[in-house]
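Starting from 1, each residue takes its place in the sequence as its number. Only this structure's heavy atoms are used, side chains among them; waters, hydrogens and symmetry mates stay out.
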Amino acid sequence: MCGGAAAQEVVGLLPRGWEPLTDYPLAWSGEGDFDQWRAEARAKVTELMGIAPEAPTSTTYQVLCTEQRTGYKAHKISFEVSADNHIVAYLLVPDTEGPHPALVALHDHGAKFSIGKEKMIRPIGESAEVVAEANEWLTKCYDGVYTGDWFAQQGYVVLAIDALLWGNRGEGADGRQTRYNTQQALASNCLKMGTTLCGIITWDDLRSIDFLAAQEFVDPERIGLYGHSMGGHRAWMAAALSDKVAAVASICWMATSDALLAAGNNELKGGSAFTMQVPMLSRWLDNPDVASLACPGAALFISGAKDKLFPAGVAEAYDKMQRVWSSQGATDRLTCTIYPDSPHYFGKQMQAQVAAFFGANLMGR
């Protein structure tokens, strides 16, 4: 009979003996050529994202249906997000003469796959069921406001797409039947093919920026990104990798990598984490290091002190980013705000701050 008890090797969903991440060799040191650092760091991020989908062959689009709304037209369109891959999207264009500033509105995760773009823009040409789902989600996460429509009324062109798995890009016959565990299988299969789910989502967002920049009614020098939760992650990831972004607003998604790996954190459960993780990236860069690739562009980061998904590591991440912007003499270009009483929620007070931020940086108000 063999004695002795086996040691517990999985503790809090982490392997036993795991140590917090502290060394990020590609983080900005504060010395040297900043542009060279940014080029090298961007190259590492894109390398680890995996093989990119083949670039689109056209920036034209097909209008599927149109609704006249107060001060703008709402179009349901199809455009090429990668070669031979046309997706359905929503495009809002103000009635006033352009070219206009433009926003890419990036939807959240929320384990709610049946709608994506409909979380940001009031559904266009959709079923009553989809409209009801969107209205319910708006109450849950956005204080009842379709932020895309709200910004269109303020004079912005607004584009919203479905991230892969959401809305029309699901796995069911009608494109809206994705199950929660599908993302894990898809993420695994992406790795086998030399790419990543997070990378595909990011590339789609980058191609959305390119699409907007090519439209004659858009001012390519005044393009912004914004999103809440996973949309916030999508926003700073795309801004980090594109020189076409003039301003980015990320709501409720920023913390240091080691804080997100603390026992009990929601991200340790897997699932949705696959859509917001680039494998092995933390060997090189922390989350705020990646976001700092957008420096010295205009950036706004908002968090809630009562956000249970990000209970720690937010202030530390903000401090790290502020040091980067300060090193480039661009302190006034970065704003980091923590709302003391806010949960994981993009409410009207935050929306007003985002509107003021874009007003100053895209509208010149």
Side-chain angles (χ1 to χ4, degrees), residues 7-30 37-38 40-42 44-45 47-49 109 184 187 191 196-199 201-202 228-237 239-241 250-295 299 301-327 334 336-340 342-344:
Q8 183 179 0
E9 294 195 30
V10 178
V11 181
L13 298 179
L14 290 169
R16 180 168 56 88
W18 175 86
E19 295 293 335
L21 302 167
T22 56
D23 182 29
Y24 301 96
L26 263 185
W28 170 241
S29 66
W37 165 76
R38 186 168 56 182
E40 292 175 356
R42 278 181 170 178
K44 178 57 69 174
V45 174
E47 172 196 342
L48 295 175
M49 280 165 46
H109 189 295
Q184 295 170 304
L191 291 174
T196 64
L197 179 54
C198 181
I201 291 172
T202 301
H228 165 248
S229 193
M230 182 183 79
H233 179 274
R234 294 168 64 191
W236 58 256
M237 277 289 290
L241 300 176
S250 174
I251 300 92
C252 295
W253 209 115
M254 176 50 67
T256 58
S257 297
D258 61 330
L260 294 177
L261 286 173
N265 188 277
N266 181 73
E267 189 161 300
L268 296 185
K269 299 175 183 177
S272 62
F274 285 103
T275 60
M276 294 167 275
Q277 291 295 324
V278 177
M280 308 306 290
L281 182 56
S282 57
R283 288 186 57 194
W284 302 95
L285 296 159
D286 197 359
N287 292 323
D289 299 326
V290 178
S292 293
L293 293 171
C295 177
F301 287 81
I302 298 176
S303 297
K306 294 184 178 179
D307 188 335
K308 294 181 180 179
L309 299 185
F310 298 90
V314 177
E316 292 82 357
Y318 285 177
D319 287 343
K320 197 169 190 179
M321 290 190 292
Q322 286 167 333
R323 288 194 294 271
V324 177
W325 263 262
S326 178
S327 76
L334 173 67
C336 298
T337 304
I338 299 177
Y339 283 73
S342 181
H344 196 71

Using a 4.5 Å cut-off on heavy atoms from C-beta on, say whether the side chain of Met230 contacts that of Thr275. yes

Locate the shortest heavy-atom distance separating Ala305 from Pro340; write the atom from each residue and the value. CB-O, 3.4 Å

Exercise: identify the closest heavy-atom pair between Ser303 and Val314: OG-CG1, 3.5 Å

May I ask you to check whether Tyr24 and Trp284 place their ring centers less than 6.0 Å from one another? no

So which atom in Ala255 and which in Ala312 form the shortest heavy-atom distance, rounded to 0.1 Å? CB-O, 3.6 Å

Please report the interatomic distance OG(Ser257) to CG(Asp286), rounded to the nearest 0.5 Å. 4.0 Å

Pair Cys252-His228, side-chain contact (heavy atoms from CB on, under 4.5 Å): steps then yes or no: CA-CA 6 Å; Cys252 295; His228 165 248; 3.7 Å; yes

Pairwise side-chain contact, Thr337 with Phe301, heavy-atom cut-off 4.5 Å (strictly under): no

Rounded distance (nearest 0.5 Å) linking atom OG1 of Thr196 with atom CD1 of Ile201: 8.5 Å

Indicate whether the side chain of Trp28 and that of Ser327 have a donor and an acceptor atom separated by less than 3.5 Å. yes

Any side-chain heavy-atom pair from Ser292 and Lys320 closer than 4.5 angstrom? no

To the nearest 0.5 Å, what is the distance between OG on Ser282 and CG on Leu261? 7.0 Å

Using the rule given for side-chain contact (heavy atoms from CB on, under 4.5 Å), can you reason through Glu316 versus Asp258, listing the C-alpha separation, both sets of side-chain angles and the distance that settles it, and then say yes or no? CA-CA 11 Å; Glu316 292 82 357; Asp258 61 330; over 6 Å; no

Report the C-alpha separation of Asp289 and Leu26 in whole Å, then their side-chain angles, then the decisive distance to 0.1 Å, and conclude whether the side-chain contact (heavy atoms from CB on, under 4.5 Å) test is met. CA-CA 8 Å; Asp289 299 326; Leu26 263 185; over 6 Å; no

Can you find a pair of side-chain heavy atoms, one from Thr202 and one from Cys198, that are under 4.5 Å apart? yes

Apply side-chain contact (heavy atoms from CB on, under 4.5 Å) to residues Trp253 and Asn287 and explain how you reach the verdict. CA-CA 10 Å; Trp253 209 115; Asn287 292 323; 3.9 Å; yes

How far apart are the C-alpha atoms of His233 and His109, what are their side-chain angles, what is the distance that settles it, and do they pass the ring pair (Phe, Tyr, Trp, His ring centres under 6.0 Å) test? CA-CA 10 Å; His233 179 274; His109 189 295; over 10 Å; no

State, yes or no, whether a side-chain contact exists between Met254 and Pro288 at a heavy-atom distance under 4.5 Å. yes

For Cys295 versus Arg38, what's the shortest heavy-atom pair and its separation? O-NH1, 2.6 Å

OG (Ser229) and CZ (Arg234) are apart, to the nearest 0.5 Å, by 11.0 Å

Under 3.5 Å: donor-acceptor pair, side chain of Ser250, backbone of Gly232: yes

Quick one: CE on Met280 to NZ on Lys44, what's the gap to the nearest 0.5 Å? 10.0 Å

Quick one: closest heavy-atom pair of Leu293 and Ala240, and the distance? CB-O, 3.4 Å

Does CH2 in Trp37 sit with more than 12 non-hydrogen atoms of other residues, nucleotides or ligands closer than 6.0 Å? yes

What I'd like to find out is whether the side chain of Pro343 reaches to under 4.5 Å of the side chain of Lys308, using heavy atoms alone. no

Roughly how far apart are Leu281 CG and Met237 CE, rounded to 0.5 Å? 7.0 Å

